[in-house]
Amino acid sequence: MPVFWQKDIETMPRKELERLQLERLRHIVDYADKHVPFYHKKFGALKISADKIKCLSDVKYLPLTTKEDLRDNYPFSLFARPMREIVRTHASSGTTGKPIVVGYTRNDLSAWADQVARFCAAVGVTDADIAQISFGYGLFTGALGLHYGLEKLGAAIVPISAGNTQRQLMLMEDFGVTVLISTPSYATYLSEIAREQGIRDKLKLRVGLFGGEGCTPEMRAKIEENIGILSTDNYGLSELGGPGVSGECAFRCGLHFSEDHFLPEIIDSDTFETKEAGEDGELVVTTLTKEGMPMIRYRTKDITRLDYDVCKCGRTHVRMDKVKGRSDDMLIIKGVNVFPSQIESVLMNIPEIGAHYQLIIRREGLMDSLEVKVELVDGAYLVEYRKLEQLRNYVKEQLRSVLQLDVKVTLVEPKSLERFEGKARRILDLRGK
Ligand code: DLL
């Protein structure tokens, strides 16, 4: 049964929704022009103003905003409100250089909690649920984003943060936790330990709200089987506020955008031309309601596509496909474009190998090469050379048929690769080292 948090908005007829978006687009352009010198300068140079926007597709005349623009304006120069009106900041998890910073007004926090509550309700979470938040609390938007969304919905929150897996499982069992919030990587790890310790039947978990990174349907099936849950994929990024940008409903046929708050487009990353609905490309998003830090045509670098058909659940808001990868994560190996998610799909379909893998890129002469290291489910393979070789060749063949590329495959002992409590870091780039 489809469940809604703000039904009138979530099922608003498209014409009405587009009317609302156009009105909000004009408003946000005018607002950014007046309150953010960076945008005032950009709009001035392009001779753009809100009154020139006649229809939604005119968004293409607005300038694009990039992560570099946010870095150049570190920390607060893109804020549209004075600091006394900013009530929260978050920052990206970037490992090098200065992080990118985002600021929220009280209204932003309230709207954000509603956006998140929608996706929790969409998979059947109610005020009767107990939700364990296993995202790391802090500058990362994941934990506090889900926290306030679930609180608005009325669920009881267990704010345990990431890590200390044994304690996570103990509380899950003792408190009768019904909803798990984490990255899919951490859910993979937690669910494996739960299975090994034979506590699956003692847990009351029924729903997983995963996000912060991609997860193939194959990987998700493994997690769900381990702990007996239904899980959904939830997308967002700090620059746009965090989680709540888009998320799946229980039918899991695309992630509904919060279209009353965000205007999505798909562009070609090289030519910047707008792509048609259904075509793959880079997701670009304009925030329609953010007061603290409005973003005009932010380039997410995430590759996906959009589907405007009304969903079986009744939601009219456009659905984006699961993210195929980030354009800067795409590997070019011997001239072939490879997304790590393609490799994950292949690996997860082979029962003899586990959910943990690593991709190692090296430079050999002028060419890049790829090694796929993956854990065996059963370490006994390692003592039988012939069987091991057969399996290795099989994995290599499966990868070749999907990627059209020869990669080196290394099968390693169970539990020998690193586990992740937050977002996984599976790519080891040794080029230039
Ligand atoms: O990861 C926000 C978030 C937290 C979303 C928790 C959902 C749940 P950042 O740390 O700024 O923000 O990272 C944003 O992570 O551009 C994508 O590349 C990736 N990403 C986030 N969610 C998904 C997802 C949060 N569901 C970057 N599928 C984004 C694929 C995702 N990639």
Side-chain angles (χ1 to χ4, degrees), residues 65-67 70-71 89-95 98-102 104 112-113 115-120 122-123 131 133-150 161-162 179-187 208-217 219-220 223 231-249 252 254-258 262 264 269 282-285 287 293 295 298-305 319-330 339-342 344-345 420-427:
T65 307
T66 63
K67 195 178 256 247
L70 272 86
R71 289 229 164 86
T89 61
H90 278 284
S92 76
S93 45
T95 45
K98 302 269 192 198
I100 48 145
V101 181
V102 54
Y104 307 73
W112 187 20
Q115 290 151 24
V116 171
R118 284 181 197 173
F119 300 123
C120 299
V123 61
I133 301 189
S134 307
F135 281 136
Y137 276 71
L139 286 173
F140 176 51
T141 54
L144 286 171
L146 266 296
H147 185 110
Y148 286 101
L150 282 159
S161 201
V179 181
L180 171 65
I181 315 286
S182 75
T183 60
S185 300
Y186 195 37
L209 278 149
F210 300 147
E213 62 179 357
C215 173
T216 57
M219 175 78 99
R220 142 150 116 188
I223 304 170
S231 65
T232 53
D233 186 3
N234 295 278
Y235 170 86
L237 52 160
S238 316
E239 297 89 320
L240 302 177
V245 174
S246 70
E248 284 177 321
C249 63
R252 307 198 294 181
L255 289 80
H256 292 278
F257 240 84
S258 290
F262 301 100
S269 301
E282 179 179 339
L283 176 69
V284 165
V285 183
T287 62
M293 198 176 97
M295 279 285 107
Y298 184 70
R299 288 188 62 184
T300 66
K301 300 276 179 102
D302 293 317
I303 308 295
T304 184
R305 63 179 132 176
R319 280 168 290 153
M320 74 176 223
D321 225 12
K322 273 174 142 328
V323 173
K324 196 168 170 191
R326 288 182 60 77
S327 54
D328 40 16
D329 263 3
M330 189 179 77
F339 280 108
S341 59
Q342 293 175 289
E344 182 176 298
S345 287
F420 302 97
E421 292 169 352
K423 304 190 189 205
R425 292 173 309 278
R426 295 201 177 91
I427 301 175

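For reference, positions follow the sequence shown, starting with 1. Just so you know, ligand 1 is whichever comes first in the structure, and atom 1 is the first atom listed for that ligand.
In this structure, Trp112 and Tyr104 have parallel ring planes: the angle between them is below the 30° cut-off, well short of the 60° mark.
Between the choices Ser238, Gly145, Gly244, Gly422, the shortest heavy-atom distance to atom 11 (O) of ligand 1 belongs to Ser238.
Looking at residues two or more places apart in sequence or on another chain, you find no ring-ring contact (aromatic ring centres under 6.0 Å, His included) involving Phe119. In terms of the side chain to side chain donor-acceptor pair (under 3.5 Å) criterion, His256 has no residue partners (sequence neighbours excluded).
Ligand-side atoms of ligand 1 in range of Phe135: 6 (C), 8 (C), range being under 4.0 angstrom from any heavy atom. Near Val323, the atoms of ligand 1 lying under 4.0 angstrom from a non-hydrogen atom of the residue are 30 (C). The contact set between ligand 1 and Thr141, taken as ligand atoms under 4.0 Å from a residue heavy atom, comprises 2 (C), 12 (O). Heavy-atom proximity to Gly214, at under 4.0 Å, picks out these atoms of ligand 1: 28 (N), 30 (C), 32 (N).
Remark: Lys322 NZ to Ser341 OG distance equals 9.5 Å, nearest 0.5 Å. One distance of note links CZ of Phe257 with OH of Tyr235; it measures 6.5 Å at 0.5 Å rounding.
Here the closest non-hydrogen pair linking Met293 and Val101 is SD-O, 3.4 Å.
Heavy atoms from both the backbone and the side chain of Leu237 come within less than 4.0 Å of ligand 1. Contacts of Pro243 with ligand 1, taken as heavy-atom pairs under 4.0 Å, involve both backbone and side chain.
For ligand 1, the polar-atom distance check against Lys423 finds a nitrogen or oxygen pair separated by under 3.5 Å.
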